[in-house]
Amino acid sequence: MKTYLIAALLLAACTWTAQSQTKGTNAIGFGVSSQTTKHENESNSVFDSEQKSTNYSLTYGHFIKDNTRVGLTAFYSDGSTESSGTETNSKGYGGMLHYQKYYPLLKKFYAFAGGRGRYMYTEDEWNDDAPSENSQKSNLYGIGAYGGAAYFLSKRFAFEVQLLSADFSYHRATNSDNNSKTTQTSLNVSSTGAINNLGFNIYFLF
């Protein structure tokens with residue numbers, strides 16, 4: 001009798017958990033990361049520097065079938081750097097389309113893998129010894145794949161951490177000072193931390 005009862009409870013728990021990511025479920029997610037880096041030179045304070053950055057993301061997702069989600073993410077970044085008498089302020093915004101598949105691991109824990117396409121616009125302005133302000137505008141386009149782990153805390157809440165990513169990107173920048181243009185293509189494979197590079201998200205499911 002006890003064996004049947006335990007089996008029934010486990011089945012009910014798995015069924016209740018699976019409802020969180022079944023076909024037709026919607027998800028709203030929010031992510032934030034903040035970082036401050038300081039460098040102090042005891043022999044010459046002129047070379048002291050400080051860099052600050054904050055990133056925000058807002059995601060909407062829809063489960064097109066069980067354990068399979070498509071979504072759209074909008075993000076915004078704000079940062080500043082002070083070094084050797086030069087101050088740089090940076091702002092950026094963009095969007096990302098993504099497809100994500102979940103794989104059950106243990107109870108409420110899942111692994112996930114997905115693909116994405118993204119766009120990012122960034123504008124940097126800096127003050128230095130020059131008589132006028134300079135700025136640089138950048139456009140970045142990228143496609144890539146990523147993976148991580150998810151924990152469905154309840155039917156309504158979930159947490160995700162991105163652990164690995166591989167991206168191919170095309171970057172184009174224009175400098176207002178001399179009207180120069182720079183283009184760059186890159187392939188980047190990385191392991192991201194828990195709250196860096198928008199790697200950590202909290203989701204509300206409905």
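Just so you know, these numbers come straight off a predicted model, no measurement behind them.
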For Leu105 against Tyr110, the heavy-atom pair lying closest together = CD1-C, 3.8 Å

Side-chain donor-acceptor pair present, Asp124, Ser90, cut-off under 3.5 Å = yes

Side chains of His98 and Thr73: is there a donor and an acceptor less than 3.5 Å apart?
-> yes

Check side-chain hydrogen bond (donor to acceptor under 3.5 Å, both in side chains) between Tyr119 and all other residues, then give those that pass, not counting sequence neighbours.
-> Asn139

With sequence neighbours left out, the residues meeting ring-ring contact (aromatic ring centres under 6.0 Å, His included) with Tyr146 are none

Residue pair Glu160 / Gln100, side-chain donor-acceptor N/O under 3.5 Å | yes

Intermediate values then yes/no, side chain to side chain contact (heavy atoms under 4.5 Å, CB included), Leu140 and Arg118 = CA-CA 8 Å; Leu140 184 145; Arg118 61 192 176 107; 3.7 Å; yes

Less than 6.0 Å separating the ring centroids of Tyr103 and Phe112?
-> no

Polar contact flag, side-chain donor to acceptor under 3.5 angstrom, Arg69-Tyr102 = yes

ring-ring contact (aromatic ring centres under 6.0 Å, His included) filter on Tyr93, not counting sequence neighbours, yields Tyr121

Shortest non-hydrogen contact from Met120 to Gly94?
-> SD-N, 4.1 Å

Shared hydrophobic cluster, Ile202 / Val161 (ILVMFWY, side-chain heavy atoms < 4.5 Å) | yes

Do you know the tightest heavy-atom contact between Gly144 and Asp167?
-> CA-OD1, 3.5 Å

Taking salt bridge (charged side-chain N to carboxylate O under 4.0 Å, His left out) as the test, write out the residues that go with Lys23, two or more places apart.
-> none

Can any side-chain N or O of Lys108 pair as donor or acceptor with the backbone N or O of Leu153 at less than 3.5 Å?
-> yes

Check whether the ring centres of Tyr56 and Phe75 lie less than 6.0 Å apart, and answer yes or no.
-> no

Can you see which heavy atom on Ala149 is nearest to which on Leu163, and at what distance?
-> N-CD1, 4.3 Å

Looking only at heavy atoms, the pair that brings Asn89 and Ser80 closest together is OD1-CB, 3.5 Å

Looking only at heavy atoms, which two atoms of Ala27 and Tyr203 are closest? And how far apart?
-> CB-CD2, 4.0 Å

For Lys91, salt bridge (charged side-chain N to carboxylate O under 4.0 Å, His left out) partners two or more places apart | Asp78

Who passes side-chain hydrogen bond (donor to acceptor under 3.5 Å, both in side chains) against Lys101, sequence neighbours left out?
-> Thr68

